[in-house]
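Below you'll find the structure, written out as structure tokens, and then a few comments.
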Amino acid sequence: MMEQDTFRQRIWQIVAAIPYGKVTTYGEIARLAGSPRASRQVGGALRHLPEGSKLPWHRVINRMGKISLTGESFNRQRQALMAEGIEVSADGKVDLNYYRWEL
DNA sequence: AAACTGACTGTTA
DNA sequence: GTAACAGCCAGTT
């Protein structure tokens, strides 16, 4: 069957391409997906991942270099980042100048 | 079709 | 550097 090319599916494809040990921002993904102002939709796409998805969703943070999630979700993302050797401060800050994914 | 939602961002102070 | 606000737009109701 032909899958329809939804915005979300394109987001997932792009996120899948973020290399191990690197991060990028919601806005950058929106730009790569061809809708530069749709950064909020990127978050929305990551919130509804397919069951059992292996997508590296944790490599996506906001433009201030911080984790946007709160509560337990924040902790899970922080642990996942640190598990790939990324330095994350206690408040969820990552050095984008050093860890940013660039083509 | 209209209203509402929000894992965001740019501007302003 | 942070905080408040407005604009943004795909998906959902």
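Naming: A, B, ... by sequence-line order, numbering from 1 per chain. Computed over heavy atoms, backbone and side chain alike; hydrogens, waters and symmetry mates excluded.
Residue A:S73 is out of contact with every strand shown, counting any heavy-atom pair closer than 4.0 Å.
Under 4.0 angstrom from either OP1 or OP2 of B:dT9 there lies no side-chain N or O belonging to A:S39.
For DNA chain C, the outermost nucleotides in 5' to 3' order that have an atom under 4.0 Å from a heavy atom of chain A are C:dG7 to C:dT12.
What separates CZ of A:R31 from C1' of B:dT9 is a distance of 14 Å, to the nearest Å. Taking atom CZ of residue A:R37 and atom C1' of nucleotide B:dT9, one finds them 10 Å apart after rounding to whole Å. When the P atom of B:dC8 is taken as reference, atom CD1 of A:I11 falls 13 Å away, rounded to whole Å. B:dC8 atom C1' lies 12 Å from atom CG of A:L69, rounded to whole Å. Summarising the geometry, the separation between CG on A:L46 and P on B:dG6 is reported as 16 Å, rounded to the nearest angstrom. Atom OH of A:Y26 and atom C1' of B:dA7 are 4 Å apart (whole Å). If you measure from atom CD of A:Q77 to atom C1' of B:dC8, you get 14 Å, rounded to the nearest angstrom. Here the C1' atom of nucleotide B:dG10 and the CZ atom of A:R63 are 7 Å apart, to the nearest Å.
For the atom pair OG1 (A:T25) and CZ (A:R63), the distance works out to 9.5 Å, reported to the nearest 0.5 Å. The OG1 atom of A:T24 sits 9.0 Å away from the CG atom of A:L103 when rounded to the nearest 0.5 Å. Rounding to the nearest 0.5 angstrom, the gap separating the CD atom in A:Q79 from the CZ atom in A:R76 is 11.5 Å.
Nearest heavy-atom pair, A:P19 versus A:W101, reported as atom, atom and distance to 0.1 Å: CD-CD1, 3.3 Å. In terms of heavy-atom proximity, A:Y26 sits nearest to A:S68 at CE1-OG, 3.7 Å. Considering every non-hydrogen atom in both A:M64 and A:K93, the closest pair reads O-CE, 3.1 Å. Closest of all the heavy-atom pairs between A:G21 and A:Y99 is O-CD2, 3.7 Å. Closest heavy-atom contact between A:R10 and A:D5: CG-OD1, 3.3 Å. Considering every non-hydrogen atom in both A:A45 and A:W12, the closest pair reads O-NE1, 3.1 Å.
The stretch residues 49-58 of chain A touches DNA chain B through A:W57, each having a heavy atom under 4.0 angstrom from the strand. Using a 4.0 Å cutoff on non-hydrogen atoms, no part of residues 95-103 of chain A comes near DNA chain B.
Where A:T6 and A:K66 each meet DNA chain C at their nearest nucleotide, the meeting point lying more 5' is that of A:K66.
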Show your working on side-chain contact (heavy atoms from CB on, under 4.5 Å) between A:L96 and A:I61 and close with a plain yes or no.
CA-CA 10 Å; A:L96 279 176; A:I61 59 184; 4.0 Å; yes

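Applying the salt bridge (charged side-chain N to carboxylate O under 4.0 Å, His left out) rule to A:R78 yields no partners; only residues at least two apart in sequence or on another chain are considered.
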Show every donor-acceptor pair shorter than 3.5 Å between a side-chain atom in residues 31-43 of chain A and any protein atom, with sequence neighbours excluded, or say none if there are none.
{"from": "A:R31", "atom 1": "NE", "to": "A:E28", "atom 2": "OE1", "distance (Å)": "3.2"}
{"from": "A:R31", "atom 1": "NH2", "to": "A:E28", "atom 2": "OE2", "distance (Å)": "2.9"}

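Checking A:H58 against A:E84 by side-chain atom types alone, a donor-acceptor pair falls below 3.5 Å.
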Please, what dot-bracket string fits DNA chain B when only Watson-Crick and G-U pairs with both distances under 3.5 Å count, crossing ones use [ ] and pairs to another strand use |?
.|||||.||||||

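Taking the charged nitrogens against the carboxylate oxygens, A:K22 and A:E102 have no contact shorter than 4.0 Å, which rules out a salt bridge.
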